[in-house]
Amino acid sequence: MEEEICKHLTAIKHLKHAKDYVCEECVKTHDTWMHLRTCQECGVTLCCDSSPNQHASKHAHASGHPVVISAEPGERWLWCYVDEEMVEY
């Protein structure tokens with residue numbers, strides 16, 4: 001039986017990668033982060049949920065942009081905040 005992937009993940013046809021390896025919001029407040037995620041709707045790169053500020057998930061919920069890609073070197077996956085699903089590429 002084939003697993004179905006959520007519609008938000010299947011809608012991504014071209015990946016947006018991080019322009020710089022920084023959380024765009026943490027830089028403004030001189031904060032630190034653990035890992036980075038890049039929004040697949042607008043391309044902003046923000047910190048993950050293991051980071052103190054959790055900017056990526058806050059952005060997803062406030063903006064309605066459901067999918068991020070890991071901006072970490074060597075990681076090749078997308079995450080959907082709405083359906084809490086991950087897919088590797």
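All values below come from the heavy atoms of this structure, side chains included, with hydrogens, waters and symmetry mates left out. Keep in mind that what you see is a predicted model, and the values were worked out from it rather than measured.
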Could you check whether any side-chain heavy atom of Pro73 comes within less than 4.5 Å of a side-chain heavy atom of Tyr21, counting everything from C-beta outward? yes
Besides Met34, the hydrophobic cluster formed by Ile, Leu, Val, Met, Phe, Trp and Tyr side chains linked at under 4.5 Å, directly or via other members, contains none
So, does Glu72 use its side chain to make a donor-acceptor pair with the main chain of Leu36 at under 3.5 Å? yes
Would you say His59 and Val44 make side-chain contact, with heavy atoms under 4.5 Å? yes
Nearest 0.5 Å please: distance from the CH2 atom of Trp33 over to the SG atom of Cys26. 6.5 Å
Scan residues 79-89 for pairs that pass side-chain hydrogen bond (donor to acceptor under 3.5 Å, both in side chains), counting only residues two or more places apart or in two chains. His8-Asp83
Consider only side-chain heavy atoms of I, L, V, M, F, W and Y, link residues closer than 4.5 Å, and tell whether Val67 and Met86 are in one cluster. no
Shortest non-hydrogen separation from Cys23 to Cys47 and the atoms involved: SG-N, 3.3 Å
Nearest heavy-atom contact between Ala56 and Leu46 is N-CB, 3.6 Å
So which atom in Thr45 and which in Ala71 form the shortest heavy-atom distance, rounded to 0.1 Å? CG2-CB, 4.3 Å
Pairs in or reaching into residues 47-58: which pass side-chain hydrogen bond (donor to acceptor under 3.5 Å, both in side chains), with residues at least two apart or in two chains? Asp31-Asn53, Asp49-Ser57
May I ask whether Ile5 and Ile12 are part of the same hydrophobic cluster, defined by side-chain heavy atoms of I, L, V, M, F, W, Y residues being less than 4.5 angstrom apart, directly or through others? yes
To the closest 0.5 Å, what do you measure between OG (Ser63) and CD (Glu41)? 7.5 Å
Shortest non-hydrogen contact between Gln40 and Leu15, atoms and distance: OE1-CA, 3.3 Å
Which pairs, with at least one residue in residues 16-26 and sequence neighbours excluded, count as a salt bridge (charged side-chain N to carboxylate O under 4.0 Å, His left out)? Glu25-Lys28
Output the distance between atom OG1 (Thr38) and atom CG (Leu78), rounded to the nearest 0.5 Å. 10.5 Å
